[in-house]
Amino acid sequence: MTQIELLSYVATQISQTALSIADGTRDMASDNAVGKLEFLCALHRVLNGKPHPGDLGMMDAINDCLQQLGLVESTKTLFSAIQS
């Protein structure tokens, strides 16, 4: 997947998740969506090269966990799979 494709996917997910929060029909679903939206917005800022300091920390923690699970090689990052 290219960075442009991933950015498009993330933007679509942000829109859909925000709509599910605005819907507000179920409290638990809305609470879950807020967490999802926080991650998606952080990822979007990182991919656009305009991260907040906390965004980088979040991505680092996620990357470390994926490496520990063996889903990402210890010498790579979760972003290494993104094609230019």
Side-chain angles (χ1 to χ4, degrees):
M1 176 176 276
T2 67
Q3 184 167 345
I4 292 171
E5 291 169 331
L6 183 56
L7 270 168
S8 176
Y9 169 79
V10 170
T12 299
Q13 289 297 304
I14 287 171
S15 295
Q16 290 175 352
T17 304
L19 286 173
S20 74
I21 293 169
D23 178 356
T25 55
R26 297 183 333 211
D27 289 338
M28 188 59 159
S30 182
D31 290 345
N32 290 342
V34 169
K36 182 176 181 176
L37 188 58
E38 287 176 6
F39 170 75
L40 290 168
C41 288
L43 179 57
H44 194 266
R45 289 187 294 266
V46 168
L47 291 171
N48 275 323
K50 299 177 183 177
H52 298 165
D55 298 341
L56 297 175
M58 180 188 298
M59 297 305 136
D60 189 40
I62 291 168
N63 188 74
D64 291 349
C65 290
L66 292 174
Q67 286 176 337
Q68 286 298 309
L69 290 167
L71 299 172
V72 174
E73 293 179 37
S74 62
T75 58
K76 299 192 182 229
T77 69
L78 65 105
F79 295 103
S80 62
I82 300 171
Q83 301 166 4
S84 300

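When reading the values below, keep in mind they use all heavy atoms of this one structure, side chains included, and skip hydrogens, waters and symmetry mates.
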Any side-chain heavy atom of Asp64 sitting closer than 4.5 Å to one from Asp60?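 Answer yes - side chains close enough.
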
Contact check, side chains of Thr77 and Val72, non-hydrogen atoms, under 4.5 Å: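 Contact flag for Thr77/Val72 side chains = no.
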
Output side-chain donor-acceptor pairs under 3.5 Å for residues 5-12, partner residues at least two apart or in another chain, one line each.
from: Glu5; atom 1: OE1; to: Thr2; atom 2: N; distance (Å): 2.8
from: Glu5; atom 1: OE1; to: Thr2; atom 2: OG1; distance (Å): 3.3
from: Thr12; atom 1: OG1; to: Ser8; atom 2: O; distance (Å): 3.0

Please enumerate all residues that pass side chain to side chain contact (heavy atoms under 4.5 Å, CB included) together with Leu19, with sequence neighbours excluded.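 Not a single residue meets the side chain to side chain contact (heavy atoms under 4.5 Å, CB included) criterion with Leu19.
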
Any sub-3.5 Å donor-acceptor pair from Gln67's side-chain atoms to Lys76's backbone N or O?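 Present.
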
Heavy-atom count around Ile4 CD1 within 6.0 Å, excluding the residue itself: above 12?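 Atom CD1 in Ile4 is not packed in, count stays at 12 or less.
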
When rounded to the nearest 0.5 angstrom, what distance separates CD1 in Ile62 from CG in Leu78?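 Ile62 CD1 to Leu78 CG: 7.5 Å, rounded to 0.5 Å.
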
Any chance you could measure Leu71, atom CG, to Leu66, atom CG, to the nearest 0.5 Å?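 Here the interatomic distance stands at 5.5 Å.
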
Show me the side-chain donor-acceptor pairs of residues 38-54 shorter than 3.5 Å, one per line, residues at least two apart or across chains.
from: His44; atom 1: ND1; to: Asn48; atom 2: ND2; distance (Å): 3.2
from: Arg45; atom 1: NE; to: Asp55; atom 2: OD2; distance (Å): 2.6
from: Arg45; atom 1: NH2; to: Asp55; atom 2: OD1; distance (Å): 2.8
from: Arg45; atom 1: NH2; to: Asp55; atom 2: OD2; distance (Å): 3.4
from: Asn48; atom 1: ND2; to: His44; atom 2: O; distance (Å): 3.3

